[in-house]
Amino acid sequence: MANLNKVMLIGRLTRDPETRTFTNGGKVAKFGFAVSNRKKLPDGTWGEEPVFVDVSAFNRETGRKLADLVEQYMHKGHQFYIEGHLVFEQWEKDGQKQSKLRVVMDDFQFLEPRQDGGAPGEGGQRSQQARKPAAAPAARPAASPPMEPNYDEPAHSGPGGGTEEEIPF
């Protein structure tokens, strides 16, 4: 029997991360994360329904120090892409069994541009120089496709929307 436990989310932090260091030197960062589901409302229109998720990130002995990165770069309101896996937590409170699913983060990506020359998603305005697109290399032959996609130009889609030479893969 095959098993798969993978979560991929795009959303925003609902609170600043809280970090805790363990006696063995390990570290965990915990934060709230919100994503939106589209839902048909009773009046027939479509709306957004928020889904709130608790996320934990750990420093690993081998691999990235995710808790340190979360503590340094993630702040309430900033948007991120998060990959992780689900963990079922159980505990007892006032004689009642409690449980919830938590996402343990395995990786993340910044979705907001770098600002003030600092880390992506940090506060402030980008400088005018950072907003200018890079100049195209003059030595590139006109017939060859670009090495990197240009996200400022509209994509070709549908029949007759472009030639095979324009497809980047």
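Throughout, numbering of the chain's residues begins at 1 and tracks the sequence. No hydrogens, no waters, no symmetry mates; every other heavy atom, side chains included, goes into these values.
A continuous path of hydrophobic side-chain contacts links F88 to L9 [ILVMFWY only; heavy atoms under 4.5 Å]. Linking Ile, Leu, Val, Met, Phe, Trp and Tyr whenever their side-chain heavy atoms come within less than 4.5 Å puts F22 and V87 in one cluster. L69 is connected to M74 through a chain of hydrophobic side-chain contacts under 4.5 Å among Ile, Leu, Val, Met, Phe, Trp and Tyr, so both are in one cluster.
Just one of V53, L13, D16 meets the side-chain contact (heavy atoms from CB on, under 4.5 Å) condition when paired with F31; it is L13.
Using a 4.5 Å cut-off on side-chain heavy atoms (C-beta onward), I10 and L111 make contact. No side-chain heavy atom of H78 sits less than 4.5 Å from a side-chain heavy atom of Y73. At a threshold of 4.5 Å between non-hydrogen side-chain atoms, the residues V103 and F33 do not count as touching. A heavy-atom distance below 4.5 Å is not found between the side chains of R15 and H75. Residues F108 and L66 have side chains in contact (heavy-atom distance under 4.5 Å, counting atoms from C-beta outward).
Without hydrogens or angle criteria, R12 side chain to G77 main chain gives a donor-acceptor distance under 3.5 Å.
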**OP:** Would you check, one step at a time, whether the test side-chain contact (heavy atoms from CB on, under 4.5 Å) holds for M105 with V7?
**Re:** CA-CA 9 Å; M105 189 169 78; V7 176; over 6 Å; no
**OP:** Output, in order, the C-alpha distance, side-chain angles, deciding distance and verdict of side-chain contact (heavy atoms from CB on, under 4.5 Å) for F52 and T14.
**Re:** CA-CA 8 Å; F52 300 100; T14 60; 3.9 Å; yes
**OP:** Assess whether side-chain contact (heavy atoms from CB on, under 4.5 Å) is satisfied between Y81 and D107, documenting all intermediate values.
**Re:** CA-CA 8 Å; Y81 164 78; D107 199 7; over 6 Å; no
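Atom CZ of R38 has more than 12 heavy atoms from other residues, nucleotides or ligands within 6.0 Å.
Between V70 and A29, the closest heavy-atom pair is CG1-CB, 3.7 Å. Of all heavy-atom pairs spanning S56 and V28, the tightest one is CB-CG2, 4.2 Å. Contact detail for A67 and A57: the closest heavy-atom pair is CB-O, 3.5 Å.
Taking the six-membered ring for Trp and thresholds of 30 and 60 degrees, F80 and F110 have ring planes inclined between 30 and 60 degrees apart.
For the pair E49 and K40, the salt-bridge criterion is not met [side-chain N within less than 4.0 Å of a carboxylate O]. Between R64 and D106, no side-chain nitrogen of the basic residue sits less than 4.0 Å from a carboxylate oxygen of the acidic one, so the salt-bridge criterion is not met. K30 has no carboxylate O lying under 4.0 Å from a charged side-chain N of D54, or vice versa, which leaves the two without a salt bridge.
For residues 89-99, the set of pairs meeting the salt bridge (charged side-chain N to carboxylate O under 4.0 Å, His left out) definition, not counting sequence neighbours, comprises E89-R102. Among residue pairs with one or both ends in residues 65-86, those qualifying as salt bridge (charged side-chain N to carboxylate O under 4.0 Å, His left out) are K6-E83, K27-D68, K27-E71; sequence neighbours excluded.
Remark: N5 engages H85, L86 in a side chain to side chain contact (heavy atoms under 4.5 Å, CB included) (not counting sequence neighbours).
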